[in-house]
There are 2 protein chains.
Amino acid sequence: MTPTTRPPVPDAELLRLDHQVCFSLHAASRAFGSVYRDALKDLGLTYPQYLVMLVLWEHGSQPVKAIGEQLRLDSGTLSPLLKRLEAAGLVRRERSTEDERSVTIHLTADGDDLREQALPVPRRMLAATGLTIDELRTLRGLLGRVTSALDEA
Amino acid sequence: MTPTTRPPVPDAELLRLDHQVCFSLHAASRAFGSVYRDALKDLGLTYPQYLVMLVLWEHGSQPVKAIGEQLRLDSGTLSPLLKRLEAAGLVRRERSTEDERSVTIHLTADGDDLREQALPVPRRMLAATGLTIDELRTLRGLLGRVTSALDEA
DNA sequence: AGCGATTTAGTTGTGCGCAACTGAGTTGCT
DNA sequence: AGCAACTCAGTTGCGCACAACTAAATCGCT
């Protein structure tokens, strides 16, 4: 639309907006990380470790690859992270018998028990954001679209 | 509102929503990082280094502390990052004479020249997000509010 | 059956992010 | 003036993220 006329928003503002959005995202992500760090320190988990545990709590034992797809993480990140979860006694690694390339991650009893302790965490986080439900939904929607679009490029 | 009645959104959905928002944020931030990495590799800058250069391009020479406040980064992150920028010849460090605790960061001629090369980057990023101007503004607003709220906690 | 391409996890190396700490310099209080 | 509290930059140590690579297993094609 308006192909031959000036865009309604001047270039300079577009550029500033881009920087602000990217920077806001960066800052917001780190702010979340900081609050999660605090909420999770009693559990002895980092935020990425918590994400892995969530996947296991929700869907049960899974190969490394499946976890990586859900969290958008590769083996270079997951392998050492899972090693630390194993060292903490929360998780067990088992090489698959029918496909020996694959390693399945299982929860240990301790890992399963930890779920109980983790239950209040999301509510605490939710409150800390200070957003309404509708705003959260809008945010989630926009972020999802951005991520999909960026993954194309 | 509706103080004694059931909330209109069930608990379970709240929790899922929180996870989705936090996770989306994490994923979106990394997706941005990935596209920036690509857009910036010709300049030899990482995304955080680019953010520091933006601050210097826009506001000129500044002490480390001021840069950290604008980018929400501490000296543990900035000191080595600035060292790398200095090693790349983009930046010069100068201990302040009137307050010898403070180190002022100056752009070198090369660092100033790089601005020219960086000009097309934001437009490219903007296009890659696939969002409209209004959506970007909404996103920026929500992210800013989340970050402020989280910084309180 | 044989062999090249692909898949899966893991390793290595670099940089970011942050907590905890250090050390030099400054400020404020008495 | 003197000294405790604070400020600022830097260092150390750990974990995450990712590119590039390796090694082993599987798949697919002929």
Sidechain-backbone polar pair: B/Arg115 side chain, B/Trp57 backbone, donor-acceptor under 3.5 Å: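 Yes: the side chain of B/Arg115 pairs with the backbone of B/Trp57.
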Report the nucleotide, chosen from [options], that has the shortest atom-to-atom distance to any side-chain atom of [X].
X        : options                : result
B/Ser79  : D/dA9, D/dT26, C/dA9   : D/dA9
B/Glu100 : D/dA9, C/dT11, C/dT26  : C/dT26
B/Val103 : C/dG10, D/dA9, C/dG25  : D/dA9
B/Arg37  : D/dA19, D/dA9, C/dG25  : D/dA19
A/Arg72  : D/dT11, D/dG15, D/dC18 : D/dC18
A/Arg101 : D/dA25, C/dG25, D/dA9  : D/dA25
A/Arg93  : D/dA17, D/dT11, C/dG10 : C/dG10

Nucleotide [N], atom [atom2] - distance to [atom1] of [X] in whole Å:
X       : N      : atom1 : atom2 : value
B/Arg95 : C/dG23 : CZ    : C1'   : 11 Å
A/Leu78 : D/dG15 : CG    : C1'   : 13 Å
A/His26 : C/dC18 : NE2   : C1'   : 12 Å
B/Ile67 : D/dC8  : CD1   : C1'   : 13 Å
B/Lys65 : C/dT26 : NZ    : C1'   : 14 Å

Mutual orientation of the aromatic rings belonging to A/His26 and B/Tyr47 [parallel < 30°, tilted 30-60°, perpendicular > 60°]: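 Judged by the thresholds at 30° and 60°, the geometry between A/His26 and B/Tyr47 is perpendicular.
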Ion pair check, A/Arg92 and A/Glu94, cut-off under 4.0 Å: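 Counted as a salt bridge, because a side-chain N and a carboxylate O are separated by less than 4.0 Å.
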Whichever of A/Glu98 and A/Leu73 has its nearest DNA chain D nucleotide further upstream toward 5':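 The residue whose closest nucleotide sits nearer the 5' end is A/Leu73.
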Residue closer to the 5' end of DNA chain D, A/Thr77 versus B/Ser102 (nearest nucleotide):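 Checking each residue's closest nucleotide, the 5'-ward one belongs to B/Ser102.
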Test item: B/Leu40 and B/Thr46 side chains (from C-beta on) under 4.5 Å apart, heavy atoms: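 Result no, sub-4.5 Å side-chain heavy-atom pair not found.
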Nearest-nucleotide 5' precedence on DNA chain C, A/Asp99 against A/Pro80: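 Looking at DNA chain C, the more 5' nearest nucleotide goes with A/Asp99.
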